Enquirer: 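Sharing a structure here in structure tokens format.
Below, read A as the first sequence line, B as the second, and so on, with proteins coming before strands; counting in each chain starts at 1. If you're wondering where the values come from, they're calculated on a predicted model, not measured in any experiment.
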2 protein chains.
Amino acid sequence: MRGLLSFQILWLISREPMNGQQIALELAKCRSSKPTPGTIYPALKELANKGLIKPSRKGRQVVYHITEEGRKGLADARRYFFQVFGEIIEEEYGQVC
Amino acid sequence: MRGLLSFQILWLISREPMNGQQIALELAKCRSSKPTPGTIYPALKELANKGLIKPSRKGRQVVYHITEEGRKGLADARRYFFQVFGEIIEEEYGQVC
DNA sequence: CGCATTGTATTGGGTGCCCGATACATTTAA
DNA sequence: TTAAATGTATCGGGCACCCAATACAATGCG
């Protein structure tokens with residue numbers, strides 16, 4: 001895993017295979033702006049190089065789907081994310097549910 | 001605000017004024033390792049330069065406390081953090097409490 | 001076919017994060 | 001008053017992220 005962007009992308013793809021533009025649009029929903037190609041494609045390339053996602057051309061789109069390795073990486077990243085930000089999150093969400 | 005490290009530091013200091021070493025130790029608790037001086041002090045310097053925290057020497061320590069500007073910046077950063085990672089967090093914590 | 005549209009990809013430049021190494025400052029202990 | 005310990009700070013290099021600009025690839029339409 002590279003960083004939090006890769007984490008978020010992997011999380012998105014784990015729910016449903018997507019192409020670059022879809023991913024950018026999804027990220028735009030929860031950010032101040034839509035990530036540009038120079039942000040999104042290098043991240044996808046790295047994730048693919050590490051075998052966490054797999055590309056397949058469909059017409060002019062390249063659809064990425066998560067691999068088994070990717071699911072493991074996602075689980076690790078998720079664990080680490082909550083380890084790091086757990087306290088801050090629990091302060092907001094309340095720890096007793 | 002710079003990034004997530006600054007966010008986390010600001011959050012720590014908002015709870016209680018701290019010096020660099022204390023901050024590094026707190027961060028170590030929720031990370032894989034303790035951040036080195038080259039990580040922690042530049043971040044503190046930037047936060048101080050932006051007026052979000054304020055240093056004061058106490059013996060050989062420099063204790064930082066949050067400013068009013070800092071509390072505003074923290075609130076903004078917190079909002080943005082949950083905007084970006086809200087879905088991922090809710091998946092883990094369950095959105096109905 | 002020729003051309004616009006849509007989607008993918010790379011490059012260059014800037015910033016934030018991170019470490020290891022080094023240096024400086026202050027206090028404590030010998 | 002030296003010397004060690006503790007804490008602060010900077011420097012250099014590397015990687016992740018981010019954008020703007022540019023180019024390429026594939027499809028759709030006149």
Enquirer: For A:R2 and C:dG16, give me the distance from atom CZ to atom P, rounded to whole Å.
Expert: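 That distance rounds to 18 Å.
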Enquirer: Which atom pair, heavy atoms only, marks the closest approach of A:L5 to A:A43?
Expert: CD2-CB, 4.0 Å
Enquirer: What I'd like to find out is whether the side chain of A:F7 reaches to under 4.5 Å of the side chain of B:I88, using heavy atoms alone.
Expert: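 Yes, at least one pair of side-chain atoms sits under 4.5 Å.
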Enquirer: Could you tell me if the side chain of A:L4 sits less than 4.5 Å from the side chain of B:F85, heavy atoms only?
Expert: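 SC-SC contact between B:F85 and A:L4 confirmed.
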Enquirer: About how many Å separate CG of A:L10 and CG of A:L47, when rounded to the nearest 0.5 Å?
Expert: 6.0 Å
Enquirer: Which residue pairs pass the salt bridge (Lys or Arg N to Asp or Glu O under 4.0 Å) test when at least one of the two sits in residues 47-63 of chain A, sequence neighbours left out?
Expert: A:E46-A:K50
Enquirer: Pairs of donor and acceptor atoms involving the side chains of residues 12-27 of chain A, under 3.5 Å and at least two apart or interchain, shall be tabulated with distances.
Expert:
residue, atom, partner, partner atom, Å
A:S14, OG, A:W11, O, 2.6
A:R15, NH1, B:E87, OE1, 3.3
A:N19, OD1, A:Q22, N, 3.1
A:N19, ND2, A:Q61, OE1, 3.1
A:Q21, OE1, A:K34, NZ, 3.2
A:Q22, OE1, A:N19, N, 3.1
A:E26, OE2, A:K29, NZ, 3.0

Enquirer: At 4.0 Å (heavy atoms only), tell me whether B:L4 reaches a base, stays on the sugar-phosphate, or touches nothing.
Expert: sugar-phosphate
Enquirer: Listed in order of residue number, which residues of residues 79-88 of chain B have a non-hydrogen atom at under 4.0 Å from DNA chain D?
Expert: none
Enquirer: Using whole Å, report how far CG of B:L27 lies from P of C:dC19.
Expert: 10 Å
Enquirer: What contact category does A:F7 fall into here, base, sugar-phosphate, or nothing, at under 4.0 angstrom with non-hydrogen atoms?
Expert: nothing
Enquirer: Tell me the interatomic distance from B:I9, atom CD1, to C:dG16, atom C1', rounded to whole angstroms.
Expert: 12 Å
Enquirer: Whole Å only: how far is the CG atom of B:L10 from the P atom of C:dG16?
Expert: 15 Å
Enquirer: With no hydrogens and no angle check, is any side-chain donor or acceptor of B:Q8 less than 3.5 Å from a backbone partner on A:V84?
Expert: yes
Enquirer: For B:R79, what residues pass the side chain to side chain donor-acceptor pair (under 3.5 Å) criterion, not counting sequence neighbours?
Expert: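 B:R79: side chain to side chain donor-acceptor pair (under 3.5 Å) contacts with B:D76.
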Enquirer: So what does B:Q61 hit on the nucleic acid, given a heavy-atom distance under 4.0 Å: a base, only sugar-phosphate, or nothing?
Expert: sugar-phosphate
Enquirer: Quick check: is A:Y41 connected to A:I53 through a chain of hydrophobic side chains (ILVMFWY, heavy atoms under 4.5 Å apart)?
Expert: yes
Enquirer: Check whether any side-chain nitrogen or oxygen of A:K45 sits under 4.0 Å from OP1 or OP2 of C:dT10, and answer yes or no.
Expert: yes
Enquirer: On DNA chain D, which is the earliest and which the latest nucleotide, 5' to 3', with an atom closer than 4.0 Å to a heavy atom of chain B?
Expert: D:dA5 to D:dC11
Enquirer: Are A:I89 and B:Y80 linked, directly or through intermediate hydrophobic residues, by side-chain heavy-atom contacts shorter than 4.5 Å (ILVMFWY only)?
Expert: yes
Enquirer: For C:dG16 and B:S6 - does any side-chain N or O of the residue sit under 4.0 Å from the phosphate oxygens OP1/OP2?
Expert: no
Enquirer: Could you check how far CD of B:E46 sits from C1' of C:dT15, rounded to whole Å?
Expert: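 Value for this atom pair: 10 Å.
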Enquirer: Shorter than 3.5 Å, N or O on both sides, protein versus nucleotides 21-25 of chain C: list them out with atom names.
Expert:
none

Enquirer: Are A:L74 and A:V63 co-members of a hydrophobic cluster defined by side-chain heavy atoms under 4.5 Å apart?
Expert: no
Enquirer: Could you say whether B:A43 or A:P42 is positioned toward the 5' end of DNA chain C, judged by the nucleotide with the nearest heavy atom to each?
Expert: A:P42
Enquirer: Starting at CD1 of B:I66, measure out to NZ of B:K72 and round the result to the nearest 0.5 Å.
Expert: 11.5 Å
Enquirer: What is the distance, to the nearest angstrom, from the CD atom on A:Q21 to the P atom on C:dA9?
Expert: 11 Å
